[in-house]
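Right, one structure below, let's go through it.
One-based numbering, in listed order, for ligands and for the atoms of each.
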Amino acid sequence: MAQIIDGKAVSKQVREKVAAETAALKEKGITPGLAVIIVGDDPASQVYVRNKEKACDEVGFYSEKFALPASTTQQELNELVMKLNKRDKISGILCQLPLPSHLDDKEVINLIDPKKDVDAFHPVNVGEIMIGDYNFLPCTPAGIMELIHSTGVDICSKKAVVIGRSNIVGKPMAMLLLHENATVEITHSKTKDLKSITSQADILVAAIGKAKFVTADMVKDGAVVIDVGMNRDENGKLCGDVDFENVKEKCSYITPVPGGVGPMTISMLMKNTLTAAKIQNGLMK
Ligand code: NAP
């Protein structure tokens, strides 16, 4: 039976490290600051934003929330981002997605100063991830790398398969695994005979958005299985993309949902904000 990777515990370690570094920065008169913009009243987004504010308090950051009405225009949103780009107190800017449908998220992302782009969605940061010379990593894939590292499994030369090719999870995930010398295959909804590919994976990352999609017959014996999915099962209970109960009998390590990848994402956002503050204060290149 697999060992369960405890995302809460790894996440706590990351936050403690960020808090300790923040305390040291404060002694030099530097306080990392995060601006979070939320437009409209999507309940899930409100929860995410609240959790981000709480995490900022926990690690000792300054944080500011900009809650804008759903009627906000593109110009008003763009102007806020440009104002925040210039403010010294703000090290990182995050615009909570999805935005209401009349607003263009690409336009907003492209306006954020890449040095303050703590979500790592700006094309400059995406390009740097491709090259392998980066300061910011998108929070979910970066958190997953921490979880894999926590197992002690050596990624080098392993066969890694990523299911899903989104810009925020699948694609950057594949890049990070490649940078650590895994042999990586990216799969998606048009992939033929998915099972024949996933069942060869030493490391399998599922980022699909379909409840319990990955079944035990799709998984290699002894694989490391990372479940990014956040879905509701037939009883409305939170569940991942992996059929946890059956797959855990077959693999060596597995992340649960909840309590796996989820807690890591905000911790990596804290890490990116700290990095941003260091860069803006000349303590890092
Ligand atoms: P997404 O943008 O909807 O991408 C889903 C991917 O899955 C697409 O590339 C899609 O392929 C692929 N896919 C769909 N059906 C498939 C199938 N039958 N076989 C193989 N691949 C298939 O989703 P996302 O933003 O990457 O998120 C994925 C999941 O992770 C969601 O449940 C989301 O809620 C969760 N998530 C969790 C966190 C966290 O912090 N825990 C963070 C981000 C996302 P095509 O490209 O061909 O359509």
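- Within 4.0 Å of ligand 1, protein heavy atoms come from Thr140, Ile163, Gly164, Arg165, Ser166, Ile168, Val169, His188, Ser189, Leu194, Ala207, Ile208, Gly209, Lys210, Phe213, Val228, Gly229, Met230, Asn231, Val261, Gly262, Thr265.
- Summarising the hydrophobic clusters (Ile, Leu, Val, Met, Phe, Trp, Tyr; side-chain heavy atoms under 4.5 Å, direct or chained), the residues clustered with Val225 are Ile4, Val161, Ile163, Leu194, Ile197, Leu204, Ile208, Phe213, Val214, Met218, Val219, Val242, Phe244, Val247, Ile254.
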Run the side-chain contact (heavy atoms from CB on, under 4.5 Å) check on Asn272 and Cys139 step by step: do they pass? CA-CA 8 Å; Asn272 280 347; Cys139 301; 3.9 Å; yes
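- Lys12 has no carboxylate O lying under 4.0 Å from a charged side-chain N of Glu58, or vice versa, which leaves the two without a salt bridge.
- Side-chain contact annotation: Ser91 with Thr273, donor-acceptor N/O pair under 3.5 Å absent.
- Nearest heavy atom pair, residue Ile93 against residue Leu34, reads N-CD1, 4.4 Å.
- Listed here is the closest heavy atom pair of Asp117 and Phe136: O-CD1, 3.7 Å.
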